[in-house]
Amino acid sequence: MQNLYWKWQFKSAPYWFIAPFVICFIIFVFLPFSYSVYLSFTEWHGQETKTFVGLANYATLLKSGDFWQSIVNSVLIFVLYVPIMLALALIFAACLSTTWMKWTGFFRTVFFIPNITSVVAISFVFLLIFNADQGILNQILMSLGLFDEPIRFLETPWWARVSVAILVIFRWTGYNMILLLGGIQSISKSLYEAAKVDGANGIQSFWHITLPLMRRLLAFCTILSTLGTFSLFTEPFILTGGGPNMATTTPVVLIYNESFKNLNMGYASTISIFFFILMMILSLVQLRLFREHD
Amino acid sequence: MKPKKRIFSTLLSMVLLVSIALTGCSGGSGEKKAEESAAGGDAGEKTKIVVWIWEDAKNVIDLNMPAFKEKYPNIDVDLHVLAQADVYQNFLIAASSADKVPDIVNLESHRLSQMIETGGLLDISDKVAPYKDKMNAYKWADAMKDGKAYAMPWDSGPVVMFYRNDLFKQAGLPSDPKEVAEQLKTWDDYKRFAKQLKEKTGVAIMADSKTKTDGTIFQEMLWQHDQWFFGKDGSVQVDSPEFIKIGQYFVDMMNAGYVNEVEPWSDAWYSSFQQNKQATIVGASWYDGLLPSLIDPKGAGKWSVAPMPKWSADDKYSSAIDGGSNLAINKNSKHPEEAWKFIEFMLGNDASQLKMMEGGLFPSLETTYQDPVFQEKVPYFNDQPVRSLYVDAVKNATPITYTKDYPLANELIRNAFAEIFLDKKSVEEVFKKTADQLRQKTGRK
């Protein structure tokens, strides 16, 4: 009997340990998510009664230009910032892991600070920097003689996307740098020493040792950035409000607009669910690619 | 290094624990208080009502709080300040979860229909009945649904033209309010003034953005001309000839360079007034409060007021309305009677409404208009009795219903203007497309 009790305890213990998480997950993630799935089949404008409309919302969604526009916007923003951000992060990480670099702790902190600073605060500061007539960025560019007319950063579609991309680079380069730094430090020193013996200089050993060995980690960072880009919200919301003419409306901004501005809760849920499915497929594809690379 | 770290993490976790415990406690006691006051209400003791409101609205309510406390010592009022957008979002959540807090919520006219639609507001038809004829007619249009009233009108936003008399003078234009009113009657005159202003002084006539306009000027022009996104039969009017003509006017003004390009309500917009970048604001009476406080505190004496320009001289109505707000009661409130006492005291009597006008909110309550204060000279506006102009304006505006689809229509028209300017498309082409989008999204004709 005693033995049986002990056995039960032994077997059930892991479940007790994960129970707090699972319970929280069910209450705060799974139930709301299921409710969203239900809402996505209804027409609901916040009133007491919800009308069940079946797949009508999904049909509207597939025909809606807005949703696909928001996906295209995200792809464009992704292309604008991910290569630059990862290149910068890799260069910084490589620099910080060299033996001759001083104050590495200081620089690590400095690069990471934007990531832990309130995104709202950062966005407001960038709002001032990007201002067309009085922003410091335009004043610098014009005093350098690069442009004659101030660039209307937040008021033209392409510059608005570039502005959002710059803000994202500012916020996330440090984070990716820390991830990559961990990867670089795990590369065996003996490889570099061997390269040195063979007469390779710093750049050559970066190109032929660091980069190939970091491919896996870079792929991981790319996946994280993909998900991050599609669910961008605060940055475009504060910086551009999703405009001009929807140029920086990401799917999440669109969901916000449909739900809290237009009170189309049902349709907004439909976008969320459809978006979730798209993201899941995208992640699976990326994971598969990432596996085959090895 | 290690022991230090451990001490730090222990401290951190202690702080966390303490804060959890504290918030837990405060939450509990808060609930208790609410329950106590709920029980107390029946016993004739103190009742607490919660009002969700935004900052500047609270500031004027505060002017009347001493008088309210004197009259109703048993009603405790908690004026809970939220950002304007949060008032709507939080109330939406409160209403859909049948929360009994807040008791009263502050709502702008242009989002009122939308909020009534959600069914979270109490039907107060009987209570507001005595005020039906006393308030500006247009306010009721959005406060009603199926013949029932769900909100009490607070303030109105009759549109006038605020202008810089010093800049007008510099440009060789008339600067005296009477002369301006005589010579600047229509939007064509306005354009003529803009041209002279630009040529003589380089100053723009107004501020707005090509791609991020808030649509205010455009909508005021529509309203004055008795046009709206939706016709009287509810059909979409965005592709009507009148609509396109007015849109074209806005585009022409922009392209001619008569408008200082800056996003309305941005920091740059606020500072542009002190930098003398533009000479007029065609805007609602609530600028009366904003100009001396937030927009141009040093501009005393430089600003004057004239009626807004009309689309054509023989238009039936001469003015427009922009905004204004209302107070409504939560359907699930435990204290609807006390809530109504508060609303009636603040919005239904002349004395409180007049007091709030000092804070720049022009009353919707028409019985106040007889008061001599409306003829009083206002020092900031060069001793001009500007309030009488607001009264004239509010009496000469057509009652238009914003409708529940207004926020969507506003967003679409903002995008439409962006498209016209960015892609250099014709107003007609883009407005036709916008009209179709609006029809498809709202199911209107």
Side-chain angles (χ1 to χ4, degrees), chain A residues 35 39 43-50 56 59-60 63-66 69 105 120 124-125 127-135 138 149-150 152-160 237-249 253-254 256-265 267-268, chain B residues 85-86 88-96 98 111 113-121 145 209-214 260-263 266-269 271-272 275 277 331 404-412 414-423 425 430 433-434 437 440-443:
Chain A
Y35 189 57
L39 283 183
E43 193 181 324
W44 184 40
H45 304 292
Q47 70 274 50
E48 277 167 23
T49 50
K50 307 174 183 71
T60 319
K63 275 186 286 180
S64 148
D66 293 356
Q69 170 79 45
V120 176
F124 272 107
V125 171
L127 202 57
L128 297 176
I129 293 176
F130 286 130
N131 183 285
D133 296 312
Q134 289 156 331
N138 262 322
E149 285 275 302
R152 308 207 79 85
F153 280 108
L154 303 173
E155 292 153 50
T156 46
W158 273 104
W159 285 113
F237 187 72
I238 294 176
L239 215 49
T240 60
N245 198 14
M246 296 197 67
T248 51
T249 300
V253 173
L254 186 70
Y256 174 86
N257 284 344
E258 283 295 348
S259 54
F260 288 109
K261 264 197 191 155
N262 301 339
L263 299 192
N264 290 326
M265 302 295 180
Y267 183 55
Chain B
D86 289 345
Y88 298 105
Q89 276 172 35
N90 293 9
F91 183 71
L92 214 58
I93 294 165
S96 60
R111 290 202 68 174
S113 309
Q114 206 190 21
M115 298 309 277
I116 291 174
E117 204 71 20
T118 65
L121 302 176
K145 191 195 168 201
S209 165
K210 283 180 177 172
T211 56
K212 299 180 106 181
T213 174
D214 61 351
N260 176 27
E261 256 197 87
V262 56
E263 185 186 355
S266 64
D267 286 325
W269 179 85
S271 54
S272 68
Q275 295 161 346
K277 292 250 178 99
K331 195 175 75 179
K404 72 177 171 62
D405 294 325
Y406 170 76
L408 175 68
N410 188 29
E411 182 71 27
L412 288 179
R414 179 190 175 115
N415 288 344
F417 277 119
E419 197 176 337
I420 290 166
F421 288 114
L422 290 169
D423 301 347
K425 287 186 181 163
V430 177
K433 197 182 91 186
T434 305
Q437 276 177 336
Q440 185 217 330
K441 288 196 177 183
T442 59

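Note that the coordinates shown come from a computational prediction; the quantities given were computed from them, not determined experimentally. So you know, we letter chains A, B, ... as the sequences are listed, proteins then strands, and number each from 1.
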S271(B) portion near chain A, given a 4.5 angstrom heavy-atom threshold: side chain
To the nearest 0.5 Å, tell me how far F260(A) CZ sits from I93(B) CD1. 5.0 Å
Looking at side-chain heavy atoms only, is the closest gap between W44(A) and S96(B) below 4.5 Å? yes
When you measure from the side chain of T211(B) to the backbone N and O of T156(A), does any donor-acceptor pair fall under 3.5 Å? no
Chain A contact via L422(B) - which portion, at a heavy-atom distance below 4.5 Å: side chain
With sequence neighbours excluded, tell me which residues meet salt bridge (Lys or Arg N to Asp or Glu O under 4.0 Å) with K210(B). E261(B)
If I take atom CZ from residue R111(B) and atom NZ from residue K261(A), how far apart are they, to the nearest 0.5 angstrom? 8.5 Å
Option that, when pairs with chain A are counted at under 4.5 Å, heavy atom only, ranks first among K441(B), Q440(B), K404(B): K441(B)
Cut-off 4.5 Å, heavy atoms of chain A, and the answer for S266(B) is neither
Is it the backbone or the side chain of Y256(A) that comes under 4.5 Å from a heavy atom of chain B, or both, or neither? side chain
Quick one: what part of L154(A) sits under 4.5 Å from any heavy atom of chain B, side chain, backbone, both or neither? both
Okay, Q134(A) and chain B: the region with an atom under 4.5 Å from a heavy atom over there is side chain
Does any backbone or side-chain atom of A95(B) lie under 4.5 Å from a heavy atom of chain A? Answer side chain, backbone, both or neither. neither
How long is the straight-line distance from OG of S259(A) back to CD of Q89(B), given to the nearest 0.5 Å? 8.0 Å
Given heavy-atom pairs under 4.5 angstrom as the criterion, report whether the side chain, backbone, both or neither of T240(A) touches chain B. both
Under 4.5 Å from any heavy atom of chain B, what part of D66(A) do you find: side chain, backbone, both or neither? side chain
Going from CG on D267(B) to CG on L127(A), what distance comes out if it is rounded to the nearest 0.5 angstrom? 7.0 Å
Select one option (side chain, backbone, both, neither) describing which atoms of N262(A) are under 4.5 Å from chain B's heavy atoms. both
Interatomic distance, E117(B) atom CD to L263(A) atom CG [nearest 0.5 angstrom]: 9.0 Å
Under 4.5 Å heavy-atom distance to chain A, tell me which part of R414(B) shows up: side chain, backbone, both or neither. neither
Answer key: most heavy-atom pairs under 4.5 Å with chain B among E258(A), M246(A), R152(A), M265(A) is R152(A)
